[in-house]
Each structure stands twice: as structure tokens, then as C-alpha cells.
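Every chain is numbered from 1 and lettered A, B, ... according to where its sequence line falls, protein lines coming before strand lines.
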Amino acid sequence: MPEKFLKPYDPAATESRVYAEWEKSGLFNPDECVKQGVTTADAPPYSIVLPPPNVTGRLHMGHALMLAVEDAFVRYRRMRGFRTLWVPGTDHAAIATQSVVEKQLKKDTGKNRHDLGREGLLKHIEAFAAESHDTIVGQLKTMGASLDWSREAFTLDEVRSRAVRNVFKQMYDAGLIYRGLRIVNWDPKGQTTISDDEIVYEERPAKLYTFRYSKDFPIPIATTRPETKVGDVAVAVHPDDARYAGFVGKEYDALFCDVPIHIKVVADAAVDPAFGTGAVGVTPAHSQTDWDIADRHLLSHETIVINEYAKMMVPGRLEGKKTSEAREMVVAWLTDEELLEKEEPITQSIATAERTGGIIEPLPKLQWFIAVDTKIPGRGKTLKELMLEPVRSGAIKIVPEYFDKTYFHWIENLRDWCISRQIWYGHRIPVWYRSPDAHGKQGEEIMVGIEPKEAGWSQDEDTLDTWFSSGLWTFSTLGWPEDTADIKTYHPTDLLETGYDILFFWVARMILMTEFVLNTVPFKTVYLHGLVRDAQGRKMSKSLGNSLDPLDISAKFGADAARMALVVGNTPGTDLRMSEDKIKGYKHFANKLWNIARFILENTPNADTNTPLTAEDKEVFSKLDALAREVTEDMENYRIYLAAEKLYHYAWHELADKILEESKPIFAGSDEAARASRARLLLALLDRTLRLLHPFMPFITEEIYQSMPTKDSEFLMVAKWPIQSEKLKLSKSISR
RNA sequence: GCGCUCUUAGCUCAGUUGGUUAGAGCGUUCGCUUCACACGCGAAAGGUCGGAGGUUCGAAUCCUCCAGAGCGCACCA
């Protein structure tokens with residue numbers, strides 16, 4: 001028996017060494033597996049792309065969960081002989097990364113983006129991204145992720161940029177990408193537009209003010225934003241509202257807080273007669289619904305009263321004031337003029353920007369959009385339909401199943417996707433403009449996709465929403481738009497595993513992009529894990545100081561222990577409470593396994609694998625055989641939380657507690673046949689247990705395997721899974 | 001407003017889509033310097049499965065309603 005078993009298991013020392021050996025073997029790469037004969041060139045492929053972590057710092061426990069689950073699936077398939085590919089990569093995460101760096105710069109040097117300029121800021125961001133990347137790669141390896149590093153990708157590298165330009169052009173040519181003046185979500189803090197999905201609504205107390213524009217204005221209106229009323233062009237009432245029917249069509253002039261306004265009364269069904277006074281002041285430039293009302297009644301959109309810095313831009317006392325200040329001034333003015341009729345507290349949910357926390361200011365802006373309701377030429381379908389169909393037909397299965405309802409519900413409410421951002425870090429929009437004269441848009445030429453050679457063209461200043469490039473991830477990582485062998489072999493990918501919180505952001509966009517570009521699904525199954533929370537059920541966050549760092553955890557308890565703690569009993573779609581105590585429990589389990597190995601190796605020095613098993617031992621073995629089948633079925637049906645739990649239970653409470661205890665008197669006895677049979681049995685049980693546990697606890701199982709006389713491959717990582725070809729029970733439904 | 005999920009032992013959760021006395025981990029209590037392991041071993045206590053109906057030979061599991069908790073989307077003048 002090797003000496004190492006005389007001491008308690010030391011994960012810290014073992015894990016980094018074992019990972020280095022795996023990496024050196026090249027066996028994370030399926031091509032190398034074929035070359036070395038651990039699988040064959042005609043074996044079925046199995047592929048997963050790693051959801052690329054943002055290069056915004058370091059990985060957290062959510063990432064560790066993702067890695068534990070994906071690596072378990074990947075290792076299981078690899079052992080079953082599939083040509084298994086797990087593609088690593090990182091995401092430039094445009095706005096997230098830029099805002100982290102800008103904050104840091106402001107703190108360190110007091111400088112903002114304009115002090116540095118585009119090139120200067122990008123240099124800082126790229127340096128930061130490179131450092132984050134290296135940290136992240138180190139963390140991925142620490143967790144034991146068997147990723148094929150030879151295929152590593154970055155959403156902003158050359159190959160991926162080519163894919164982005166290519167797709168942009170295709171969508172533009174198909175009329176799905178368009179430039180339009182529309183109300184967008186403007187983040188005054190981040191100084192950029194954001195998409196609807198990047199808005200976080202926050203409930204806040206607010207006041208609802210009821211007032212009239214002037215003494216002779218017939219209808220009182222209610223608003224929470226009196227300062228925007230200087231931009232009003234109309235008052236809308238419900239068509240059936242008898243109170244106001246007589247005023248519809250009439251027009252009024254007023255001087256509202258120094259600003260001359262002209263108001264027309266219109267009837268529009270969008271108005272809720274029960275809310276406030278049943279009359280809405282219509283501010284087309286600063287509200288989506290008002291913009292739509294203005295559209296329907298041919299009212300002007302042009303009066304903009306708030307600028308990009310959320311400051312007033314009207315003549316008079318309000319000029320240059322922040323909206324919050326202006327609000328107080330308007331209310332004071334209304335009070336002085338005795339126009340304010342009522343002031344009541346209400347709760348309203350305020351739109352804030354996910355990354356900067358800035359309060360969203362709806363503004364009309366010329367931006368780029370992806371049309372989701374436009375029929376695609378030659379396909380007769382809209383992007384919305386392309387997103388719906390594969391999930392509806394079962395071509396894509398979501399685990400847990402109930403999330404497809406959430407998915408459908410989201411698509412039903414989906415509007416055109418604003419993809420241009422006024423930030424500098426990211427894919428520059430591949431559009432060039434040339435104007436015949438220095439001003440105006442008159443006669444402007446446009447070039448999309450490839451930079452024009454002639455002089456006089458200038459590229460669009462904006463960059464693309466980061467999710468545009470991550471939407472291409474399953475095929476851009478495989479070398480598209482080149483017609484690569486990887487695309488042919490590994491696409492569509494088999495599994496997409498990620499958190500349910502980015503179902504819309506990412507999963508839906510991948511389906512959209514892949515269906516449009518390749519006319520196929522990006523993946524066959526989506527496995528959604530839940531959020532990792534702290535022991536009290538709170539979200540882990542830096543500000544709360546309750547987050548666990550996967551690196552610290554691995555150093556303290558071992559990556560194997562962390563992985564088991566993340567996987568056992570953790571059903572998909574459900575949040576998970578995590579604590580050091582839980583992880584500690586699995587460190588103890590690792591040590592238990594270590595001692596099981598020690599006991600067995602100690603007692604079977606000359607075991608003969610040809611010795612016949614006694615009837616009793618055959619029976620003991622058949623129990624593990626049954627478990628192996630069950631575990632295999634669990635893996636196939638995405639019940640890895642059960643598979644891991646069963647193996648834990650078997651190793652500890654069956655193998656150690658019962659079988660090893662029963663073996664002691666046998667080894668102490670004088671029945672030679674029974675002793676020989678038992679020695680062979682124990683080795684076989686341990687061998688099989690190691691194989692079954694390897695996807696969940698790769699390091700310790702590999703380390704023990706290296707000392708096993710039953711070892712039949714260089715690494716356990718590529719050893720045969722005990723159940724290979726038997727027919728397995730597959731649930732029709734794989735929801736839970 | 002539309003939609004989703006959860007409610008099972010003191011705590012955190014399973015329960016593989018209806019099948020014998022409902023499980024695990026942690027915790028608690030009691031006992032163990034047993035030569036694989038104190039990162040351990042043995043034993044014990046602890047649940048009318050949120051409530052009320054219904055379907056069924058049979059329900060924690062399916063249906064309806066009710067109560068509580070969480071979440072998503074929309075609205076938010």
C-alpha cells in the first residue's frame with residue numbers, strides 16, 4: 001500500500017498536482033483522446049460551451065456551481081467514450097467591465113472617460129480584462145474543470161469579432177437590424193442606452209400630484225413627475241369617459257412655470273379612467289406610452305425638455321436644473337399659483353440600470369435595433385417565432401420543464417431589442433457613414449459589415465450590446481463563419497448549463513441568433529441552475545460580505561468537497577443555501593473515501609482478479625451493479641443531484657459501514673476461499689465506486705485510482721464508465 | 001394585472017412524475033482511546049407532508065379552492 005494513505009487526505013496538495021497531470025496528458029481535448037485511443041474517431045460527439053465568465057474580476061460560488069455541474073456531465077460522457085468537448089472562454093461584458101474600470105479610475109485618479117479619451121480608456125480596460133482573465137482561468141483550473149484549453153475563446157477576439165460583423169451584416173441585409181428614432185432606456189449615470197432586460201425595477205415611495213396647467217385649463221391631471229409637464233403637448237382621456245367628452249379636440253395655451261405650452265385634448269383607449277383624474281398629460285419625448293399616444297394622434301414628438309444628463313433644457317427658471325430639483329421647483333410654483341389640487345403618497349416602481357444603478361430616463365434617440373416582429377425574407381417567420389418554435393416543439397428541452405412557461409411569457413411581451421450602446425469597450429458597430437456635406441443627414445450614404453476603402457467614411461461611434469456577441473457563442477467558439485470540422489462535429493451543442501437568471505439575456509438570444517444564422521438550435525437541452533445563497537438565504541454579495549470565494553474554499557476544504565456541496569440535493573431551478581459547514585461535511589466524506597481505500601488496499605495485497613466470488617459476494621456486488629445502473633439513468637435524466645447523493649450514501653453507509661465491517665471477520669478467519677473472494681470483491685467495489693464518483697469528485701477519485709491494482713487506463717478521467725451500452729430508462733419528461 | 005415556484009423532522013432540503021412502516025445532511029441526546037478513518041464508530045429521539053375538499057383500491061405525489069412566502073413579466077399619468 002502506498003505510504004500516502006497513512007496520512008489523512010490532503011486536498012490542497014493533491015488537487016493542483018492532479019490537474020497539472022491531466023492537463024499535460026492533453027486528454028481534455030477530444031482529438032487527443034482519439035489519437036491516444038481512449039475513444040474512437042467515429043464515437044458520438046458530446047459538446048458543451050462554457051458560459052463565458054465576465055472579465056470583471058473573479059469567480060464566485062455561482063460560477064463554482066456551474067463548473068461542478070458541467071464538469072460532472074462532461075466527465076460522465078468522456079468516460080462513456082463520447083468524443084467530449086467542453087469549450088472554455090471569457091466574455092468581455094462591455095458595459096459591466098467598462099463601468100467597473102471607470103469606477104476604479106475615478107477612485108484612484110479622479111479621472112473620467114473623457115479625460116482619458118477612447119484609446120486611453122480602452123487601454124486601461126484591456127489591461128484590467130487581461131488580468132481578470134488570468135485570475136479566472138486559474139480559478140477554473142482550481143475547480144477541476146476539464147476544459148479543452150486549446151480551443152479557448154474570447155467574445156472580443158479576432159475570430160469572434162469576425163462572426164459579429166458577419167451576423168450584423170446578414171441581419172441588416174434581411175431588414176432585421178434597423179436604425180430608428182425611438183424612445184430608449186437612457187442611463188444618465190452610465191451615459192448609454194440599455195435594453196429592456198437590463199432594467200431593474202425598484203419599488204419606491206413617491207408622490208402623485210394633481211393639478212391644472214393653468215387657472216382656465218378645464219381638466220386636472222395627475223402625475224408623479226411634474227417637471228416633465230413642461231414638455232406636454234396633449235391631455236389624453238379615455239374615449240368613453242363622459243366627464244371629459246366635451247373637451248376632446250379642443251386646444252389650449254398656457255405658460256407653465258415660465259414655459260409656453262400648447263395642449264390638445266385627445267381621446268385614447270390607453271388611458272385608464274380610474275387612475276388619478278382619468279386624464280393624462282402627454283409628454284411624447286419622455287415616455288414610451290406618451291410617444292405612442294402622440295403617434296396615434298399625429299402630435300409632435302419634438303419637444304425634448306430633459307437632456308442626457310437628466311437636466312432640464314427649457315428656457316426660464318428650470319433651465320439646467322436636475323430633474324429632482326426641477327420637480328420641487330415646479331411643485332412650489334404650482335402651490336404659489338394655487339394650481340395644485342392634491343398631493344398623495346403612492347408606491348411606484350422606478351426603472352434603474354442594472355450595472356450603474358442610475359435612474360432610467362426615457363429619451364428619444366437614434367439607435368440600432370433588432371426587429372423581433374418582422375418577417376424574415378425567404379423564411380416567412382419573425383425572430384420571435386424562431387425563438388418560440390424549438391422550445392415549443394421539444395427540439396430544445398428546458399430543465400426544469402416549468403421554465404418554458406416563463407420563457408414563452410417573456411417572448412410574448414418582447415419588443416425590439418436595442419443593440420447600440422454609447423460605451424467604448426465592445427464590438428464597434430460595423431457601420432460606416434459618408435455625408436455629401438458636413439451637416440445634416442441629407443443624402444447620407446451607409447456601408448454595413450466591411451470598412452470601405454475610400455476616404456470620407458466614418459464608423460458609427462457606438463458599440464454593440466454585449467449579448468449580441470454572446471448570442472453567437474455556441475457557433476462562434478467553434479470557428480464560424482469558417483466551415484470548420486468543429487462546427488460539423490460539435491454543433492448543435494448538447495447541453496447549455498447556466499443560471500435561470502440569464503434565461504432571457506442569454507439563452508433566448510442564443511436561440512434567436514442560431515436559428516437565424518444556422519437555421520438550427522444552439523443546444524438540445526438547457527439545464528438551469530439556481531442562485532447560490534448564504535446560510536440565511538440572502539444573495540451573496542460583496543457589500544454584505546457574505547460571499548464565499550471558490551479559491552479560499554478549495555484551499556480550505558478541497559475543490560472536490562466544494563463540488564459535492566454544490567451538487568448533492570441541488571435540484572435545477574432551485575436556489576441553494578451554501579455554508580462552510582456544508583462544505584466541511586464533504587471534506588469529511590473525501591477523507592472517508594480515502595480511508596476506505598486505505599483499508600481495502602491494506603487488506604488485499606495479493607488479490608487475484610480471477611478468484612471466483614462466493615455466492616454471498618456476488619450478491620454484494622450485484623447491489624452496486626444495480627446502483628450503477630440507477631446512477632447512470634439519473635445522469636441521463638439530468639438528476640445529478642440524486643446521483644451524487646446516492647453515491648455518497650453508498651460509499652459511506654453501505655461500503656464502509658456494512659461491507660467493510662463484515663469483511664473484518666472474514667479477513668481474520670481461516671476460510672481461504674472466502675478471504676480471496678472478499679479481497680477481489682472489495683477491490684472491484686472500490687474500483688467501481690471510484691469510477692461512479694469521478695464526475696463529482698474528480699481529484700480524490702483519480703488520486704486513489706492511481707494506486708489501484710485494477711487500473712486499466714492511464715487516468716481515471718478516461719477510464720470506462722461501468723455501465724456502457726445497456727438500454728437505459730429515459731423519462732419522457734425530465735422536469736425534476 | 002398576467003405568469004411561475006415553494007410550503008415535508010429543530011434547521012437546510014430530497015422524495016426519480018400514485019404503490020409496502022415518508023428519507024438525507026446538519027443539529028440534539030446517550031454511549032464508545034473497537035488496530036481504515038475522532039475529518040471517526042454505535043444507538044436514540046424527532047414529521048397528522050401549509051389548510052379544506054375531490055379523483056383513486058391506494059395521494060407528500062394528480063385536480064379544485066383557500067392561506068402564507070419567494071420570483072419573473074407588464075403597468076406605473
Nearest of [options] to any side-chain atom of [X]?
{"X": "A:Y641", "options": "B:A14, B:C39, B:C76", "value": "B:A14"}
{"X": "A:N595", "options": "B:A36, B:C39, B:C13", "value": "B:A36"}
{"X": "A:R639", "options": "B:C39, B:U16, B:C37", "value": "B:U16"}
{"X": "A:N591", "options": "B:G25, B:U16, B:C39", "value": "B:C39"}
{"X": "A:F504", "options": "B:G72, B:C37, B:A14", "value": "B:G72"}
{"X": "A:R577", "options": "B:C13, B:C4, B:A36", "value": "B:C13"}
{"X": "A:T406", "options": "B:C37, B:C75, B:C4", "value": "B:C4"}
{"X": "A:T289", "options": "B:G72, B:C76, B:A14", "value": "B:C76"}

Looking at [N], which nucleotide sits across from it as a Watson-Crick or G-U wobble partner, both distances under 3.5 angstrom, or is there none?
{"N": "B:C76", "answer": "none"}
{"N": "B:U17", "answer": "none"}
{"N": "B:A22", "answer": "none"}
{"N": "B:C6", "answer": "B:G68"}
{"N": "B:C30", "answer": "B:G42"}

Please report the distance separating the [atom1] of [N] from the corresponding atom of [M], rounded so that it comes out in whole Å.
{"N": "B:U16", "M": "B:G23", "atom1": "P", "result": "14 Å"}
{"N": "B:C62", "M": "B:G19", "atom1": "P", "result": "11 Å"}
{"N": "B:C32", "M": "B:G46", "atom1": "C1'", "result": "23 Å"}
{"N": "B:A14", "M": "B:C6", "atom1": "P", "result": "9 Å"}
{"N": "B:A59", "M": "B:C73", "atom1": "C1'", "result": "34 Å"}
{"N": "B:G50", "M": "B:U61", "atom1": "C1'", "result": "16 Å"}
{"N": "B:A45", "M": "B:G40", "atom1": "C1'", "result": "22 Å"}
{"N": "B:C65", "M": "B:C26", "atom1": "C1'", "result": "37 Å"}

Indicate, with a heavy-atom threshold strictly under 4.0 Å, whether [X] touches base, sugar-phosphate, or nothing.
{"X": "A:D657", "result": "sugar-phosphate"}
{"X": "A:K592", "result": "base"}
{"X": "A:A656", "result": "base"}
{"X": "A:G585", "result": "nothing"}
{"X": "A:S287", "result": "nothing"}
{"X": "A:K7", "result": "nothing"}
{"X": "A:V282", "result": "nothing"}
{"X": "A:L208", "result": "sugar-phosphate"}
{"X": "A:E412", "result": "nothing"}

*Verdict with supporting geometry, A:T632 and A:W721, side chain to side chain donor-acceptor pair (under 3.5 Å)*: CA-CA 9 Å; A:T632 306; A:W721 183 257; 3.0 Å; yes
If the cut-off is 4.0 Å, is [X] near the phosphate of [N], judged by side-chain N/O to OP1 or OP2?
{"X": "A:T571", "N": "B:A14", "value": "yes"}
{"X": "A:W652", "N": "B:A36", "value": "no"}
{"X": "A:H653", "N": "B:G25", "value": "yes"}
{"X": "A:H588", "N": "B:G40", "value": "yes"}
{"X": "A:K584", "N": "B:G25", "value": "no"}
{"X": "A:Y402", "N": "B:C6", "value": "no"}

*Test for a donor-acceptor pair under 3.5 Å between the base of B:C73 and the side chain of A:H409, counting only N and O atoms.*
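Check fails, no donor-acceptor contact within cut-off.
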*Determine the sole option in A:L318, A:L340, A:L339 for which the side chain to side chain contact (heavy atoms under 4.5 Å, CB included) test with A:W333 is passed.*
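It is A:L339, the one option of A:L318, A:L340, A:L339 that forms the side chain to side chain contact (heavy atoms under 4.5 Å, CB included) with A:W333.
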*asked:* Tell me whether A:D187 is salt-bridged to A:R355, with the criterion being a basic N under 4.0 Å from an acidic carboxylate O.
replied: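 No, this pair does not count.
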*Should A:N595 and A:R598 be marked as a side-chain contact (heavy atoms from CB on, under 4.5 Å) after you check the CA-CA gap, both sets of side-chain angles, and the distance that decides it?*
CA-CA 5 Å; A:N595 281 292; A:R598 174 179 168 181; 4.0 Å; yes
Could you state the [atom1]-[atom2] distance from [X] to [N], rounded to the nearest angstrom?
{"X": "A:I583", "N": "B:C26", "atom1": "CD1", "atom2": "C1'", "value": "14 Å"}
{"X": "A:D290", "N": "B:C75", "atom1": "CG", "atom2": "P", "value": "12 Å"}
{"X": "A:Q536", "N": "B:C26", "atom1": "CD", "atom2": "P", "value": "19 Å"}
{"X": "A:D575", "N": "B:U7", "atom1": "CG", "atom2": "P", "value": "13 Å"}
{"X": "A:L503", "N": "B:G72", "atom1": "CG", "atom2": "P", "value": "13 Å"}
{"X": "A:E661", "N": "B:C41", "atom1": "CD", "atom2": "P", "value": "9 Å"}
{"X": "A:W506", "N": "B:G72", "atom1": "CH2", "atom2": "C1'", "value": "20 Å"}
{"X": "A:Y201", "N": "B:C76", "atom1": "OH", "atom2": "C1'", "value": "9 Å"}

_Within the 4.5 Å heavy-atom criterion, are A:V282 and A:V235 side-chain neighbours or not?_
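Not in contact.
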Using a distance-only test with no angle check, is there a side-chain donor-acceptor pair under 3.5 angstrom linking [X] and [Y]?
{"X": "A:D197", "Y": "A:W417", "result": "no"}
{"X": "A:H529", "Y": "A:E497", "result": "yes"}
{"X": "A:S707", "Y": "A:K4", "result": "yes"}

*asked:* If we ignore hydrogens and angles and just use 3.5 Å, is the side chain of A:H286 paired with the main-chain N or O of A:V305 as donor and acceptor?
replied: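 Indeed, once roles are kept as given, a pair shorter than 3.5 Å links the two residues.
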*asked:* Which is more 5' along RNA chain B, the nucleotide nearest A:K646 or the one nearest A:G281? Just name the residue.
replied: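 Taking each residue's closest nucleotide, the earlier one in sequence belongs to A:K646.
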*If you pin A:D634 and A:T223 to their nearest nucleotides in RNA chain B, which one's is more 5'?*
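Final value for this comparison: A:D634.
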